[in-house]
Amino acid sequence: QVQLVESGGGLVQAGGSLRLSCAASARTFSRYALGWFRQTPGKEREFVAVVSWNGGNTVYADSVKGRFTISRDNAKNTMYLQMNSLKPEDTAVYYCAADLTPLGSKNKEAYDYWGQGTQVTVSS
């Protein structure tokens, strides 16, 4: 069982930055790929970024490429999402998720565990 807890969401003006964190409970944290997804009311949960088990491979959605950076610290059982140059369309609930494979996926169905989400609101 893996428990994931997100933090760091909030209200920010367009052009600003936020850093999300995802703390995991599992002793085997370092074996899993981890991803960030986001969701707005009435829309499907969409992929944002994924990082492989050792941080060596990262993949981003085109909409956030060049603005967001995903990373992880296996010694702290924590994953991060640094979000810069935020836009109003980035407003969503952001979720972290664990995929019990080393490399991860853009497909939300591949993920086995999810956090409760943290709200990010970007004002124009």
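Contact of the F29 side chain with the N74 side chain is registered, since non-hydrogen atoms from C-beta on lie closer than 4.5 Å. Residues R38 and V64 are in side-chain contact: their nearest non-hydrogen atoms beyond the backbone lie under 4.5 Å apart. Under the 4.5 Å side-chain criterion, counting only non-hydrogen atoms from C-beta, V59 is in contact with F47. Looking at Y60 and R67, their side chains never come closer than 4.5 Å, going by heavy atoms from C-beta outward.
Both W114 and V93 are part of a single hydrophobic cluster, where members link through side-chain heavy atoms under 4.5 Å apart. Both V51 and W36 belong to a common hydrophobic cluster when Ile, Leu, Val, Met, Phe, Trp and Tyr are linked at side-chain heavy-atom distances under 4.5 angstrom. A chain of hydrophobic side-chain contacts below 4.5 Å, direct or via other Ile, Leu, Val, Met, Phe, Trp or Tyr residues, connects I70 to L34.
Checked by atom type and distance alone, the side chain of S124 never pairs as donor or acceptor with a backbone atom of P88 at under 3.5 Å. Not a single donor-acceptor pair under 3.5 Å links the side chain of D90 to the backbone N or O of A14. Judged by distance alone, the side chain of T118 and the main-chain N or O of G9 form a donor-acceptor pair under 3.5 Å. Between the side chain of D73 and the main chain of T78, no donor-acceptor pair closer than 3.5 Å is present. At least one donor-acceptor pair closer than 3.5 Å links the side chain of S25 to the backbone N or O of Q3. For S52 (side chain) and L103 (main-chain N/O), no donor-acceptor pair under 3.5 Å exists by modelled atom type. Side-chain N or O atoms of E6 include one that pairs as donor or acceptor with a backbone N or O of G117 at under 3.5 Å.
The minimum heavy-atom distance between S105 and V50, with the atom names listed, is N-CG2, 4.0 Å.
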Derivation and outcome, side chain to side chain contact (heavy atoms under 4.5 Å, CB included), residues M79 and C96: CA-CA 9 Å; M79 172 179 67; C96 67; 3.5 Å; yes
Side chain to side chain contact (heavy atoms under 4.5 Å, CB included) between L20 and V120, intermediate numbers included: CA-CA 9 Å; L20 304 184; V120 171; 4.0 Å; yes
T91/Q119 under side chain to side chain contact (heavy atoms under 4.5 Å, CB included): CA gap, chis, key distance, verdict: CA-CA 8 Å; T91 295; Q119 176 70 47; 4.0 Å; yes
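Atom OG of S21 and atom CG of L4 lie 12.5 Å apart (nearest 0.5 Å). Annotation: the span from L81 atom CG to L18 atom CG amounts to 9.5 Å, rounded to 0.5 Å. Distance check, rounded to the nearest 0.5 Å: CZ of R19 to CE of M83 gives 11.5 Å.
T101 and D99 form a side-chain donor-acceptor contact under 3.5 Å, judged by distance and modelled atom types alone. In the model, S17 has a side-chain atom that pairs as donor or acceptor with a side-chain atom of N84 under 3.5 Å.
Below 30°, between 30° and 60°, or above 60°: for Y94 and F68 the angle between ring planes is between 30° and 60°, a tilted geometry.
Here the rule is ring pair (Phe, Tyr, Trp, His ring centres under 6.0 Å) with Y111, and of Y32, Y95, F37 only F37 fits it.
With Y80 as the aromatic partner, R72 does not meet the cation-pi criteria of under 6.0 angstrom to the ring centre and within 45 degrees of the ring axis.
Ionic pairing of E44 and K108 is present here: one or more N-O contacts between side-chain nitrogen and carboxylate oxygen are shorter than 4.0 angstrom.
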